[in-house]
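Notes follow the structure.
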2 protein chains.
Amino acid sequence: MSELNNRRLEIDALRAIWAIRHHGGITRAAEALGLSQSAVSHKIKRLETSLGCELLNRKSGATAFTTEGEELLDYAGRILGLHDEALLSLSKTTLAGRIALGLTEDTTCSALAHILGRFRRLHPDVSVRTQVRMSLVLRAMLEQGELDAAIVQVFAHEVRPTDVILFRETLHWVKHPSLLLPQTASVPFLSFHDDCFYRHWALDIGQDGGIMLETVFECASAAGIVAAVNSGMGVALLNERHLRPEMQIITDRFPVPPDLVYVVRRGRKVRNAALDTLVAEIESEISRYGGLALAS
Amino acid sequence: MSELNNRRLEIDALRAIWAIRHHGGITRAAEALGLSQSAVSHKIKRLETSLGCELLNRKSGATAFTTEGEELLDYAGRILGLHDEALLSLSKTTLAGRIALGLTEDTTCSALAHILGRFRRLHPDVSVRTQVRMSLVLRAMLEQGELDAAIVQVFAHEVRPTDVILFRETLHWVKHPSLLLPQTASVPFLSFHDDCFYRHWALDIGQDGGIMLETVFECASAAGIVAAVNSGMGVALLNERHLRPEMQIITDRFPVPPDLVYVVRRGRKVRNAALDTLVAEIESEISRYGGLALAS
DNA sequence: CGATCACATGACAAATTTCGATCACGGCAT
DNA sequence: ATGCCGTGATCGAAATTTGTCATGTGATCG
């Protein structure tokens, strides 16, 4: 009892199980943590023996957590949150100022929210003004100096050296099985918005590839598009995060969609210590977890 | 930046600085942690270099924390709290039942409160009924089976093998400088209560040692006694925790007070899994910190 | 059935951590 | 001042922990 109880939970081990949950597997977690697969495997093993219980359920193929695993995961999240905040708090400098930040709808409910909340706590004298718009709008606002920085989606080939990459995303053409696409007719297209650059690309390829897209539905939020796809109203370009089991990915007929990247893009000639810090925190979070966690 | 930020705060290191604060010095902390002094010294050094700042102010003799040190200490407390709770949570068994617990006024505001709160959280099906009384009363209640366990003060020589020792305490005779004690007159005595066993001892020695004590003040709480001493109403027996700078410790004339010990004493023939667990948690907390933390 | 993916395991190398001994410094009493 | 503590820093050696490489196992898929 005493032996067991005197044992400690290593921060690294907690980060490891967190990464496993987060990346869905030991191998990927190891990659994100900058370790070898065996190192992470060993880490978990050690954690398990020190706790005297199984954390992962290895029986089946996919790595699943046991009840104890889930329980520890909950504590791990809270402990790591405090830990990281402590680390930041000790390296912080007193900041003051004003930040105008732009976000897309998608990123609003990601780990970014935590980072912003923590930033607020650590730097109460910095006022962060956040606006949620579509990527194309944000880019324009950046150009016009209305924003100091924004988190926007861009095509993979458009990434600038100064951009901070958050995560990559693959687009897919999807439809509901109930929707049939005769070769001859034009294709009903579900679009985010006039200003959505998926749509720009889709319409461009339509002209090049001889495919006639007809926009039959417009909606600013992903939830709306998902609903429209599932009701068989047409085809849409969706990222993996929004795929549902009942959807059908269309692999033929349409050209392969380009890869997308979420980046932090800073406004031109912005000299702002507070912003520097915030961006550094985002970068550090990424380097730690190998990407930004998207809330389920 | 990245190098620094990628560093982690070891749980052990956090526990170390916590122990240093708590025991007021590296050497004692090392003892409590079951490590050598140099190990703890190194631990702190490592922590400091990894953070890039000083935590302890070694200039003066006494070990003092820097501002950063205090800040980290705050996080350390919270992180360790979560950490320990996680550890307990994973080794817990489902408990149910009823515990009748007795406490003294003093221990109510110690780390015990945290342990009890955590216990409640981890074992919602156990109802803990707590009663605060004086040590002598609690002992009687234990004997009569009204309590399952109690935290009581006893003389050091009265400790039983089954008692769990929380911490030791030294009593002192104190008075305010303004109070003069003529050799001839009887001594005005400030007492907790009829049932306080300090008082029993004091009156006994009064008879043996030829010192005439006259009880001039009775109050159930320590705060009242402290106030009475400081107003020069008389002499009292106080433990170190309640000493104030302006008080005068009387070393001559009175016999040296006996040492006191706070213990967890269990009722007779009590078979109670929930109580076993609670007592085990208290023991584990003690083995970890080498004593029970008293809230300031 | 063979290829592949994902994880476990064992041996060994590298790093970190601990210990014991010793040194340095600041009070404190003589 | 002059020795003592009591405390903490520092050093080299030993012990422990942690990570890597190579390899083994089982499950899945075409």
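Per chain, numbering begins at 1; letters A, B, ... match sequence-line order. As the structure is a prediction and not an experimental result, all values here were calculated from the model.
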**Q.** Distance, nearest 0.5 Å, that separates CZ of B:Phe65 from CG of B:Leu73
**A.** 5.0 Å

Q. B:Lys43 NZ to D:dG8 P: how many Å, rounded?
A. 17 Å

Q: Starting from C1' on D:dT16, measure out to CZ on A:Arg46 and report it in whole angstrom.
A: 11 Å

Q | Protein-nucleotide distance (B:Leu55, atom CG; D:dG8, atom C1'), rounded to Å | A | 16 Å

Q: Select from B:Gly24 and A:Glu10 the residue whose nearest nucleotide in DNA chain D is closer to the 5' end of that strand.
A: B:Gly24

Q.
Whether the side chain of B:Gln37 and the base of D:dA9 hold a donor-acceptor pair under 3.5 Å is what I'd like checked.
A. yes

Q | Closest nucleotide among D:dG19, C:dC19, D:dT20 to the A:Ser36 side chain | A | D:dT20

Q: Using whole Å, report how far CG of B:Leu47 lies from C1' of C:dT16.
A: 15 Å

(Q) Main chain of A:Ala19, side chain of A:His23: is a donor-acceptor contact present, judged purely on distance under 3.5 Å? (A) yes

Q.
Suppose we call a contact any N or O donor and acceptor under 3.5 Å apart; does that hold for the side chain of B:Ser38 and the base of C:dG20?
A. yes

Q. Taking a pair as Watson-Crick or G-U wobble with both distances under 3.5 Å, which nucleotide is matched to D:dG30?
A. C:dC1

(Q) Rounded to whole Å, how long is the line connecting atom CZ of A:Arg28 with atom C1' of C:dC5? (A) 11 Å

Q. Can you tell which of C:dA6, C:dT17, C:dC19 lies closest to the side chain of A:Thr27?
A. C:dA6

Q | Nearest to side-chain heavy atoms of B:His42, which nucleotide of D:dT20, D:dT18, D:dG12 | A | D:dG12

Q) Which nucleotide in the list D:dT10, D:dG19, C:dT18 gets nearest to the side chain of B:Lys45? A) D:dT10

Q: Check the distance between D:dG19's C1' and A:Ile44's CD1 and give it to me in whole angstrom.
A: 14 Å

Q: Pick base, sugar-phosphate or nothing for B:Leu35, based on heavy-atom distances below 4.0 Å to the nucleic acid.
A: sugar-phosphate

Q: Hey, could you give me the CG/CG distance between B:Leu243 and B:Leu238, rounded to the nearest 0.5 Å?
A: 6.5 Å

Q: Return the nearest nucleotide to the side chain of B:Ser41; candidates are C:dA8, C:dT17, D:dA9.
A: D:dA9

Q) How long is the line joining CG of A:Leu33 and C1' of D:dT18, in whole Å? A) 14 Å

Q. Side chain of B:Arg8: nearest nucleotide among D:dT10, D:dT20, C:dT17?
A. C:dT17

Q. Taking atom types as modelled and ignoring hydrogens, do the side chains of B:Gln153 and B:Glu169 form a donor-acceptor contact shorter than 3.5 angstrom?
A. yes

Q: Would you please name every residue forming a ring pair (Phe, Tyr, Trp, His ring centres under 6.0 Å) with B:Tyr75, sequence neighbours left out?
A: none

Q) In whole Å, what is the span from the CD1 atom of A:Ile26 to the P atom of D:dG19? A) 14 Å

